[in-house]
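Structure, as structure tokens:
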Amino acid sequence: MLELHFIRTNKERVLQGLKIRNFTGEELRVVDEVLQLDDTRKDTQTELDSILAERNQLSREIGGLFKAGKKEEAEAMRRRVSELKERASGLEEKLKATVEALNEALYTIPNIPHESVPAGNTDSDNEVYKPWPGELPQLESGALPHWELAQKYNIFDLELGTKITGSGFPLYRGKGARLQRALISFFLDEAVKAGYEEIMPPLLVNEDTARATGQLPDKEGQMYTVERDNLYLIPTAEVPLTNIYRDVILEEKDFPIKLTGYTPCFRREAGSYGAHVRGLNRVHQFDKVEIVQFQHPDRSYNTLYEMLAHVEGVLQKLELPFRILRLCGGDLGFTSALTFDFEVYSAAQERWLEVSSVSNFETYQSNRMKLRFRDGKSTRLAHTLNGSALALARIVAALLENNQTPEGIVIPKALQAYTGFSRLD
RNA sequence: GGUGACGUGGGUGAGUGGCUGAAACCACCGGUUUGCUAAACCGGCAUACUCUGAAAGGGGUAUCGCGGGUUCGAAUCCCGCCGUCACCGCCA
């Protein structure tokens with residue numbers, strides 16, 4: 001969530017940012033509401049504190065009086081303290097209710113977009129930050145979309161996944177399964193080479209964890225839940241990886257902290273069906289290697305571009321045509337200040353598929369998480385960033401389609417050491 | 001899942017109702033001494049909120065796993081939850 005201090009001292013910027021996110025005049029009122037609630041909170045806190053201070057003072061005196069054997073005086077004082085206690089408990093309730101209302105309001109305010117974020121409503125307003133410089137691949141007539149290639153080569157099976165679980169849970173087999181494993185290892189190795197520490201985190205997380213990275217309450221419907229144990233299946237490795245540093249105070253010399261992890265990702269993705277979600281285009285379970293960084297606020301944007309370059313490098317090694325988009329205000333994730341999406345061109349479907357999203361959250365997540373670092377005498381919130389490097393399912397889709405030949409599917413050179421075969425047939 | 005023990009600051013670890021935000025030691029930071037290093041000595045060393053001040057700073061409140069309760073007063077007593085460890089049960 002946004003820092004109260006920031007809202008207070010940069011109100012105009014906050015309002016401006018929310019407008020970029022297409023907040024209406026009505027919706028903008030939440031900013032004033034937050035500031036008013038915070039005023040109430042402060043006043044209540046101050047009043048309560050002074051009552052408690054008096055209580056503590058009197059209690060100390062009572063102790064002295066008892067020791068001195070002055071029973072009557074002590075009794076009189078006790079009655080005074082009782083009165084104070086009643087007033088205090090009323091204020092405590094008010095304080096609690098105010099803080100709750102304040103947090104609720106704060107949770108409805110998304111991150112303020114970075115100044116470079118273009119205005120816009122939908123994904124069609126996203127800016128092409130880096131177009132694909134060459135020609136887009138053209139397939140010969142008779143080229144198949146990946147779901148048909150899957151049948152032809154028996155590499156994954158959606159119907160079997162449906163039989164076992166439900167739609168959107170693909171089952172990979174044979175060389176298809178091997179290709180998955182190869183991509184995961186390749187992506188992890190690339191990240192480790194770039195200085196990221198490899199983590200294998202839990203796949204189920206608790207409520208605190210889901211709240212800290214912003215899945216709760218903003219995207220509650222996106223996650224699968226294990227109600228009996230009050231746990232959530234992770235929608236991305238970002239959640240457990242970032243939460244490693246929840247409630248931690250770092251030293252400045254700790255920066256940057258770079259983590260990577262492979263996990264399956266589970267997403268309910270309620271909504272649209274049809275051609276755009278066929279095959280592996282959108283599934284409920286997919287594999288992804290994530291990169292996460294924790295950085296000093298002054299350097300986080302350099303880090304963002306470094307992460308962009310990393311993803312670019314990996315895609316180049318896979319020899320896939322891709323472009324980079326800068327998300328517009330309307331398409332920007334709730335917790336992000338600036339996001340770049342990577343899209344890979346899928347030649348058989350003749351459309352771009354999103355395979356990575358790289359974001360700087362600035363202090364939005366770290367404020368929820370209380371992730372700070374020591375800055376002289378005080379503490380400051382760190383910046384958190386993350387990106388996919390990369391998401392498998394759509395990479396596989398593009399790989400299969402773009403590399404199909406009459407002799408089978410050609411495996412990119414960089415991947416052959418991992419697959420153990422150079423052609424999938 | 002059952003039974004038992006335990007949960008104190010970065011670490012070890014004192015502390016069973018008041019003067020304990022918390023001893024001592026270690027680690028860490030600053031300084032003195034030393035030709036350098038080491039040692040010794042002195043000082044500092046939690047977080048959040050808040051009031052005050054131009055600032056340096058000063059005051060207050062809360063926090064000893066979490067949440068309730070008892071009491072004038074709780075790290076200390078009571079209840080619930082969570083976690084750790086040990087043993088048993090189950091088990092890849």
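Fair warning: this is a prediction, and the values are worked out from it, not measured in the lab. Note on naming: letters A, B, ... go to the chains in the order of the sequence lines (proteins, then strands), and numbering restarts at 1 for each one.
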Base partner of B/C25, which must satisfy Watson-Crick or wobble distances under 3.5 Å = B/G11
Determine the interplanar angle of the A/Tyr364 and A/Phe334 rings, folded into 0 to 90°, and report it as parallel if under 30°, tilted if 30 to 60°, perpendicular if over 60°.
-> perpendicular
Base, sugar-phosphate, or nothing for A/Arg55, non-hydrogen atoms under 4.0 angstrom?
-> sugar-phosphate
Hey, can you tell me if A/Phe373 and A/Phe255 have their rings parallel, tilted or perpendicular (30° and 60° cut-offs)?
-> perpendicular
Distances under 3.5 Å only, N/O to N/O: pair up the protein atoms with those of nucleotides 64-69 of chain B.
none

Between A/Arg21 and A/Glu27, is there a salt bridge with N-O shorter than 4.0 Å?
-> no
Stacked cation flag A/Lys175 on A/Tyr153, 6.0 angstrom / 45 deg | no
Base partner of B/C49, which must satisfy Watson-Crick or wobble distances under 3.5 Å | B/G60
Give none if B/G35 has no partner; otherwise give the nucleotide forming a Watson-Crick or G-U wobble pair with it, both distances under 3.5 Å.
-> none
Show the numbers, then the answer: is there a salt bridge (charged side-chain N to carboxylate O under 4.0 Å, His left out) between A/Glu190 and A/Lys193?
-> CA-CA 5 Å; A/Glu190 290 294 309; A/Lys193 267 191 246 165; 3.2 Å; yes
B/C72: pairing nucleotide in any strand, Watson-Crick or G-U under 3.5 angstrom = B/G18
Separation of B/A62 atom P from A/Leu95 atom CG, nearest Å, is 13 Å
Expressed in whole Å, how much space separates the P atoms belonging to B/A27 and B/C41?
-> 12 Å
Using the P atom on both, measure B/A56 against B/U63 and round to a whole Å.
-> 28 Å
When the distance from CD of A/Glu92 to P of B/U61 is rounded to whole Å, what number comes out?
-> 14 Å
Just by distance, do the side chain of A/Asn243 and the backbone of A/Thr209 share a donor-acceptor pair under 3.5 Å?
-> yes
Span that lies between the P atom of B/A14 and that of B/A55, in whole angstrom = 44 Å
Determine which nucleotide pairs with B/A86, using a 3.5 Å limit on both distances of a Watson-Crick or G-U wobble pair.
-> B/U3
Salt bridge present between A/Arg211 and A/Glu207 (N-O < 4.0 angstrom) | yes
Rounding to the closest angstrom, what is the interatomic distance between B/A23 and B/G9 at atom P?
-> 13 Å
Would you mind reading off the distance between A/Gln57 atom CD and B/G60 atom P, rounded to a whole angstrom?
-> 10 Å
B/A75 and B/G57: how far apart are their C1' atoms, nearest whole angstrom?
-> 31 Å
In Watson-Crick or G-U wobble terms, both distances under 3.5 Å, what is the partner of B/C81?
-> B/G65
Ion pair present between A/Glu251 and A/Lys253, side-chain N to carboxylate O less than 4.0 angstrom?
-> no
With a non-hydrogen cut-off below 4.0 angstrom, is A/Leu52 in contact with a base, only sugar-phosphate, or nothing?
-> sugar-phosphate
Please give, in whole Å, the distance from B/U71 C1' to A/Arg79 CZ?
-> 16 Å
Carboxylate-amine/guanidinium contact A/Arg8 A/Asp39, below 4.0 Å | yes
Tell me whether the OP1 or OP2 atom of B/U61 has a side-chain N or O from A/Asn56 closer than 4.0 Å.
-> yes
C1' gap between B/A22 and B/U76, integer Å | 12 Å
Using atom types as modelled and distance alone, determine if a side-chain donor or acceptor of A/Asn111 lies under 3.5 Å from a backbone N or O of A/Phe361.
-> yes
Return the value, rounded to whole Å, for the distance between atom CG of A/Leu84 and atom P of B/U71.
-> 16 Å
Quote, to the nearest angstrom, the C1' distance that separates B/C49 from B/U32.
-> 39 Å
Could you give the distance separating B/U47 and B/C42 at their C1' atoms, to the nearest angstrom?
-> 27 Å
Pairs under 3.5 Å (N/O, protein and nucleotides 45-54 of chain B):
from	atom 1	to	atom 2	distance (Å)
B/U47	OP1	A/Arg374	NH1	2.4
B/U47	O3'	A/Arg372	NH2	2.8
B/U47	O2'	A/Arg372	NH2	3.2
B/A48	OP1	A/Thr379	OG1	2.5
B/C49	O3'	A/Arg41	NH2	2.5
B/C49	O2'	A/Arg41	NH2	3.4
B/C49	O2'	A/Gln45	NE2	3.4
B/U50	OP1	A/Arg41	NH2	2.9
B/U50	O2'	A/Thr46	OG1	3.3

In whole angstroms, how far is the P atom of B/U20 from the CZ atom of A/Arg60?
-> 11 Å
Would you say the side-chain atoms of A/Glu12 and A/Gln16 include a donor-acceptor pair closer than 3.5 Å?
-> no
So what's B/G30 paired with, Watson-Crick or G-U wobble, going by both distances under 3.5 Å?
-> B/C42
Are A/Lys96 and A/Glu93 close enough for a salt bridge, meaning some N to O gap below 4.0 Å?
-> no
Length of the CG-P vector between A/Asp375 and B/C29, whole Å | 18 Å
Does B/A92 have a Watson-Crick or wobble mate here (both distances under 3.5 Å), and if so which one?
-> none
Position toward the 5' end of RNA chain B (nearest nucleotide), A/Ala53 or A/Lys85 = A/Ala53
Specify the separation, in whole Å, of atom CG of A/Asp247 and atom P of B/U63.
-> 17 Å
